[in-house]
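Order of the sequence lines fixes the chain letters, A, B, ..., with proteins taken first and strands second; residue numbering starts at 1 for each chain.
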Protein chains: 2
Amino acid sequence: MAKKKLSIKDIAKTLGVSITTVSFILNGKAKEKRISEELTKKVQRYIKEVGYTPSHLAQSLRLGKSKVIVFMVEDISNQFFASIARLIEEKAYLNGYKIIYCSTENETAKAKELINTFKVRNVDGFIITPTPDLEESVKGLLDEGFGLVLFDRWMPDVLCSYVIVENEKSAFEATQHLIDRGCKKVALITVESHQIQMTDRLKGYQNAISQNQLSPYVFQVKFHNMAQGYDRILDFFSNNPGIDGVFFTTNYLAFEGLEAMGNLGIDVPGQVKVVSFDDHYFFNLYKPKITAIEQPLELIAEKLMEAILHQLDEAEMNSGPKQFILSNKLNIRESSTI
Amino acid sequence: MAKKKLSIKDIAKTLGVSITTVSFILNGKAKEKRISEELTKKVQRYIKEVGYTPSHLAQSLRLGKSKVIVFMVEDISNQFFASIARLIEEKAYLNGYKIIYCSTENETAKAKELINTFKVRNVDGFIITPTPDLEESVKGLLDEGFGLVLFDRWMPDVLCSYVIVENEKSAFEATQHLIDRGCKKVALITVESHQIQMTDRLKGYQNAISQNQLSPYVFQVKFHNMAQGYDRILDFFSNNPGIDGVFFTTNYLAFEGLEAMGNLGIDVPGQVKVVSFDDHYFFNLYKPKITAIEQPLELIAEKLMEAILHQLDEAEMNSGPKQFILSNKLNIRESSTI
DNA sequence: TAATTTTGATAAATCGTTTTAGTAAACTTA
DNA sequence: TAAGTTTACTAAAACGATTTATCAAAATTA
């Protein structure tokens, strides 16, 4: 087993030339370094014949670049993050990069630990959905010259590349949509979080409510986990009977909320109209189909890779950060119309 | 920026000792190599003080092990694979391994290309859901001494480690369950595939049908993509009016099938009872709740890591392959009972 | 006291590349 | 024909670790 992998040294010895020559030819520097055409051809032919490929480890060690990007998200099994993972994969491989993933579970301590682990592991760049209070770690990465792009959330205090969506604007539109459909008591059901993607959604809701001279009904679910979320939302609806419209700021909340409403015998959309952030395959299957804000996954992935590759590209290293704020799409379905 | 990382050489120079000494101490060989306790302490103190960590790249190059495992699945954005990814992540990191993912889209050419790419990249092991006709590539990996575990599917012709579930048995049980609930014309809706996980499910269905002296109604959807699948299944129900039970071999087929049945005005479970392979969060949310076969995700992940780490562990390198066949659980819900 | 063993440390090879700084030989130039 | 230039190629250092072989001094033995 395990026939030893050929090294550049083996090639050189067999062909009776120097390692340097082979290396130059391999790296397309034959012309520049004045290696004769004849020898170049000969070496190339032999390399092809034996199917030699250079050791990336050795290259990484020598060049100080490992061609690895860390994709650090809240939870890789979450459909949103898994979808992005899928979409960036191809672009990364096309550019010779590998992607290592890891999940923070939105815990700051875990995120910091992961960042330290990977810093030491000679990765080149990080794509991160930051947890709360991660500013210092992130600044550390920048100081040490790692590539870095934030997404889903950004940090107002840190000047760096990011890819986010128009949270406030979309939340405004979703709320206004419910109001336009005749809702008078529109509730916001969100998670208790001070992270900017959530506070922006809250802002959008509040703006729409106040512009229409309505009263806000904000419910922030604490300690978010499936079972607890369901119970809390059930309580909320029991205690707030007049609600006729709900905007959920994440699809998980919507799933739980819809089930709670179902069990309370609340008719959607007859009695309560519903809109959710983060569209999902299942919203289109649900009865009624759920109106939802769709994030532009492909575009997010594209911009993420554009931003990170841009940073890792030697030539453009010291051009400024790339910051993208992308538009969402409100997919209007039965839950807010019939 | 980028304060240069310390190397073992810097440590040695500052302390006025040799690189060798530092290395021995770092690797816990101080005693064995008779480094004096005094010097050992001194070096350790300094290392801690400056926060030195060794370069994994250099170690990998020297030791020929990169501590990287490739997780190669059909589609990382698929909920099943994403969940497994999440579950193996922690175990891998605890053991000092990183995980690189990639998606084959079940295309043999792509899988072969990915395998070649990663072979060259000095990874240590592979966790793979093999595409059709991947036997040769997989054998190649084994010959070259890579760690390897297959999952979801296995290859009868290749002796290697794998983690799979009892496809045939569960399919039998699901079908029998429908028959027990009074179904007389039970259809199987599956994908057209010769891969063993699918043919096993087919076998289970067929056995149950013939043991009960019923007639099989097998529908194999070709060229599986969302839109086409839906259309084909719609046709199938239109052309086979008497069907009173359906077993879907994947949850995607079930989602499409349920929508098709909904649009045809077929009542589930009144008119047609439904069971699906691969339980899903939404089966519990759907109305009616869908009966489904649940694969033991945690156990799969656990066994995958057990098998791969076992192989990568020098000490146990040449013990035989580990093969796990895990039991599923039939979650009986409304779609097959009311 | 001479020979042997133990102790405590190190020099140098190695892993597989890239790249700087040469070096002979062939060719120009004046 | 002596000096300078090109041409075609290479030796050797580096990247940052691990490990084998070696070595001088101290301690033990005979």
Roughly, in whole Å, what's the span from NZ in Lys13(A) to P in dC9(D)? 21 Å
If you look at every strand shown and take non-hydrogen atoms under 4.0 Å, does Leu39(B) touch a base, only sugar-phosphate, or nothing? sugar-phosphate
Checking contacts here: which listed nucleotide (dT10(D), dT17(C), dA17(D)) is nearest the side-chain heavy atoms of Tyr52(B)? dA17(D)
For Ile76(B), is there any backbone N or O sitting under 3.5 Å from a side-chain donor or acceptor partner on Ser103(B)? yes
Considering only heavy atoms from C-beta outward, does the side chain of Gln195(B) approach that of Asn106(B) to under 4.5 Å? yes
Counting side-chain heavy atoms from CB outward, which of dG16(C), dT10(C), dG16(D) is closest to Ala58(B)? dG16(D)
Relative to the 5' end of DNA chain C, which residue comes earlier, Ser36(B) or Leu61(B), by the nucleotide with the nearest heavy atom? Ser36(B)
Round to the nearest Å and state the distance from Leu6(B) atom CG to dC15(D) atom P. 13 Å
Within the side chain of Lys322(B), is there an N or O that forms a donor-acceptor pair under 3.5 Å with the backbone of Val163(B)? no
Over the length of the helix from dT1(C)-dA30(D) to dA30(C)-dT1(D), how much do the five-pair end axes diverge, rounded to 10 degrees? 70°
Between the protein and nucleotides 19-25 of chain C, which nitrogen or oxygen pairs come in under 3.5 angstrom?
{"unit_1": "dT19(C)", "atom_1": "OP2", "unit_2": "Lys29(A)", "atom_2": "NZ", "d": "2.9"}
{"unit_1": "dT19(C)", "atom_1": "O4", "unit_2": "Thr20(A)", "atom_2": "OG1", "d": "3.4"}

Determine whether more than 12 heavy atoms belonging to other residues, nucleotides or ligands lie under 6.0 Å from atom NZ of Lys91(B). yes
Report the relative orientation of the aromatic rings in Phe118(B) and Tyr93(A); use parallel for angles under 30°, tilted for 30 to 60°, perpendicular for over 60°. perpendicular
Lys5(B) NZ to dG16(D) C1': how many Å, rounded? 9 Å
For Tyr97(B), is there any backbone N or O sitting under 3.5 Å from a side-chain donor or acceptor partner on Asn95(B)? no
Can you check whether Ser66(A)'s main-chain N or O pairs, donor with acceptor, with Asp124(A)'s side chain at less than 3.5 Å? yes
Classify the ring geometry of Phe151(B) against Phe71(B): parallel below 30°, tilted from 30° to 60°, perpendicular beyond 60°. parallel
